[in-house]
Amino acid sequence: MFVVIWEYEVRQGSAAAFEALYGACGAWVKLFGEHAGYLDTQLLLGDQPGHYLTIDRWGSAPAYADFLDTEKVRYARVDRLGEALTLSERCIGRYRTPC
């Protein structure tokens with residue numbers, strides 16, 4: 001399994017829109033779900049208001065790389081929607097299971 005973890009600080013008043021975009025029925029999950037190897041996404045709300053993590057799980061790093069290669073335009077479009085809702089975003093890292 002391959003995991004990508006992102007951290008976000010959401011603008012005040014934008015939490016509901018952010019959760020709709022990044023949550024289980026949001027545009028990111030819909031886009032990811034069109035691709036082989038996508039498993040699921042978890043949206044986590046932190047202790048501090050407006051602080052979130054997403055954990056995107058893929059079957060393998062090549063599946064994720066293929067998604068990125070084939071969806072540059074649509075990825076950028078959805079990413080711009082998120083940029084309007086956030087003060088910051090940071091990729092914490094990309095991880096794989098050792099076995």
Side-chain angles (χ1 to χ4, degrees):
M1 181 177 33
F2 181 75
V3 176
V4 183
I5 303 174
W6 288 87
E7 177 182 44
Y8 302 90
E9 184 181 354
V10 175
R11 295 179 187 280
Q12 187 173 359
S14 297
F18 179 85
E19 290 174 12
L21 181 63
Y22 287 82
C25 297
W28 280 116
V29 170
K30 289 178 184 173
L31 179 59
F32 293 159
E34 295 178 18
H35 294 272
Y38 172 69
L39 301 174
D40 64 13
T41 294
Q42 288 184 298
L43 175 62
L44 305 173
L45 175 59
D47 290 340
Q48 301 297 318
H51 185 240
Y52 291 84
L53 293 177
T54 57
I55 301 172
D56 303 319
R57 295 185 332 126
W58 292 80
S60 67
Y64 181 69
D66 182 60
F67 160 75
L68 291 176
D69 286 344
T70 60
E71 292 293 356
K72 290 177 183 167
V73 171
R74 291 171 69 197
Y75 185 102
R77 187 179 310 131
V78 177
D79 195 42
R80 280 192 299 276
L81 296 173
E83 287 174 0
L85 304 173
T86 59
L87 297 170
S88 66
E89 76 176 81
R90 175 177 73 102
C91 183
I92 291 176
R94 298 174 180 191
Y95 303 87
R96 63 178 175 78
T97 53
C99 297

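Values reported hereafter were calculated over all heavy atoms of this structure, with side chains retained and with hydrogens, waters and symmetry mates removed.
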(Q) Applying side chain to side chain donor-acceptor pair (under 3.5 Å), can you list everything that pairs with Glu89, at least two apart in sequence or on another chain? (A) none
Donor-acceptor pairs are to be reported for all side-chain atoms of residues 6-15 against protein atoms at under 3.5 Å, with residues two or more places apart or in another chain.
residue : atom : partner : partner atom : Å
Glu7    : OE1  : Arg90   : NE           : 3.0
Glu7    : OE1  : Arg90   : NH2          : 2.9
Glu7    : OE2  : His51   : NE2          : 2.7
Arg11   : NE   : Ala84   : O            : 3.3
Arg11   : NE   : Thr86   : O            : 3.4
Arg11   : NH2  : Thr86   : O            : 3.4

Q. To the nearest 0.5 Å, what is the distance between CG (Leu53) and CG (Leu43)?
A. 9.0 Å
Q.
Enumerate the side-chain hydrogen bond (donor to acceptor under 3.5 Å, both in side chains) contacts for residues 39-49, please, sequence neighbours excluded, ordered by first and then second residue.
A. Tyr38-Thr41, Asp40-Arg57, Thr41-Asp56
Q) Quick one: salt bridge (Lys or Arg N to Asp or Glu O under 4.0 Å) pairs with a partner in residues 12-26, sequence neighbours left out? A) none
Q) What's in the same ILVMFWY side-chain cluster as Val73, cut-off under 4.5 Å, chained through other members? A) none
Q. What salt bridge (Lys or Arg N to Asp or Glu O under 4.0 Å) pairs are there with at least one residue in residues 66-80, not counting sequence neighbours?
A. Glu34-Arg74, Glu71-Arg74
Q: With sequence neighbours excluded, tell me which residues meet side chain to side chain donor-acceptor pair (under 3.5 Å) with Tyr64.
A: none
Q: Would you please name every residue forming a side-chain contact (heavy atoms from CB on, under 4.5 Å) with Ala63, sequence neighbours left out?
A: Trp58, Ser60
Q) Taking the inter-plane angle between the rings of Phe67 and His35 on a 0 to 90° scale, is it parallel (under 30°), tilted (30 to 60°) or perpendicular (over 60°)? A) perpendicular
**Q.** Test log, rule side chain to side chain contact (heavy atoms under 4.5 Å, CB included), inputs Cys91 and Val4
**A.** CA-CA 8 Å; Cys91 183; Val4 183; 4.2 Å; yes
Q) Going through the distances and angles, do Val3 and Thr97 end up as a side chain to side chain contact (heavy atoms under 4.5 Å, CB included)? A) CA-CA 8 Å; Val3 176; Thr97 53; over 6 Å; no
Q. Among pairs that include at least one residue of residues 73-95, which meet ring-ring contact (aromatic ring centres under 6.0 Å, His included), considering only residues two or more places apart or in two chains?
A. Trp28-Tyr75
